[in-house]
2 protein chains.
Amino acid sequence: MAGRRTDTRERAQRVALQLFAEHGYESTSLRMIAERLNITKAALYYHYKSKDEILAAVLSDFSTAVAGLIDWGEQQPPGPETRRELLRRYAELAASGITPAARLLQENQPALREQPLAAEVRSHVVTLFDLLAGPGALTGANGPAASLRVRLAITALHMAGEESELAEDGGQELLAAALNIACGLIDPPSADSASEKRAHGDGRFGGPFAQEAAPTPNHP
Amino acid sequence: MAGRRTDTRERAQRVALQLFAEHGYESTSLRMIAERLNITKAALYYHYKSKDEILAAVLSDFSTAVAGLIDWGEQQPPGPETRRELLRRYAELAASGITPAARLLQENQPALREQPLAAEVRSHVVTLFDLLAGPGALTGANGPAASLRVRLAITALHMAGEESELAEDGGQELLAAALNIACGLIDPPSADSASEKRAHGDGRFGGPFAQEAAPTPNHP
DNA sequence: GTCTATAGAGCGATAGAC
DNA sequence: GTCTATCGCTCTATAGAC
């Protein structure tokens, strides 16, 4: 491991992730990747046997990161503190540069549909969402709001993570703000929509559209 | 207008928007569009002189919808009621099917970079964001949180809009929940992050990461 | 308005020299 | 480990018949 002769493989993965996230998987050609590495297309095939394998290598980093996060979360007692700490750790991941991978996954679903590792990562994310909102939130069993809030919380961290790369102070203020927003989004689970119980007295959330909220005709 | 001989052009735009949003602009070939219309690739070139022109036609519908929304908004007195009504109207647009166009715009930025109409639409969206958060929010002048909250509010409506197409009741409950969440996101503008004033007493938003919040080193 | 046929370019991938 | 050269395919776009 320590004594290999070139670092092309690692550089290739860094460059490929960046390009996949920026231009999309299908629109990123092997020529583009090779040019940034100052090698030729054919040389890439010494390191990977297909374009798909480059994608898999890139995704596996993200997969293990999220897997580690949910391993920790599943060993904690469920509750608001654990959920907030999960968000905090995810914000750390976002700050350390996993957001390109997250964006790649989110914005290339059709292209990644045949990629087994993408399905694996996606199932990890589903587990993480369940931990953040209670089981079944993604399928809408807790009402539509809970699932939406969790996805928005993660989205907030992604947005901040991407922007923080451009910020002059490393984006710490931005990430702090995003984490606060994310915590606020998952903190009062099922506090609006059909069940109208308010966490605190003022009616600020009683927006329009709400008068139509039906008593949840879920398929049992 | 009323007496043309085929409806191929309109059908083509409907189909193209759907495919562009689902597979991405570059990954959608004219062959795919033509096959769904039961015509050939070459026939498409009778109606449009390039693939880019199909994209422009598809985007212009979205552009006029958003332009109408901000025209209304700019004639209203600024304030929370106007902002909430803007969100409500945007939620109506989302429910009526503009989310594929919004997704197309958001998820194909590199491919649409050369498309003039895309820049126009994007500037409309920026204006809408300004209306929703006060001027300068997108550039972060109000602190990082305000811009994030507005973008998350719109994202909530997009998420609900896309899912509502699959729901059995038209997704009204989901859209109502999303609108409530969106209103809650923009309602207390600049209520966290650096300036720590709370709208109401409980410290639920006082999350971690906040201890590092610096006093906003903005470039003036 | 729609078709067949084709030009010209870029793509992923392979073979084989060095 | 990297190169040149090439194969087979799909893409956008055009020419011209019907």
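Note that the structure is a prediction, hence the values are computed from the model and not measured. Labels below follow one simple rule: chain letters A, B, ... track the order of the sequence lines, proteins then strands, and each chain is numbered from 1.
- Atom NE2 of B:His23 is separated from atom C1' of D:dT10 by 16 Å (rounded to the nearest Å).
- If you measure from atom CD1 of B:Ile33 to atom C1' of D:dC11, you get 13 Å, rounded to the nearest angstrom.
- In this structure, CG on B:Leu104 lies 9.0 Å from OG1 on B:Thr28, to the nearest 0.5 angstrom.
- Between A:His158 and A:Tyr90, the two ring planes are tilted [angle within 30° to 60°].
- Of the charged side-chain nitrogens involved, at least one lies within less than 4.0 Å of a carboxylate oxygen, so that B:Glu35 and B:Arg31 count as a salt-bridged pair.
- Using modelled atom types and a 3.5 Å distance limit, the side chains of B:Tyr48 and B:Gln13 yield a donor-acceptor pair.
- Per the geometry, OH belonging to A:Tyr46 stands 18 Å off P belonging to D:dT4, to the nearest Å.
- Dashed line: the shortest gap from a side-chain N or O of A:Thr8 to OP1 or OP2 of D:dT2 is under 4.0 Å.
- For A:Arg88 and A:Glu85, the salt-bridge test passes: some basic side-chain N is under 4.0 Å from an acidic carboxylate O.
- Note on B:Asp187 versus B:Arg84: salt bridge recorded, some NZ/NE/NH1/NH2 to OD/OE distance being below 4.0 Å.
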Quiz item: How does protein reach along nucleotides 12-18 of chain D, written 5' to 3' as B (base within reach of a heavy atom under 4.0 Å), S (only sugar-phosphate), or - (no contact)?
Solution: BBBB---
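- Comparing D:dT4, C:dC3, C:dG1 against the side chain of B:Thr40 picks out C:dC3 as the nearest.
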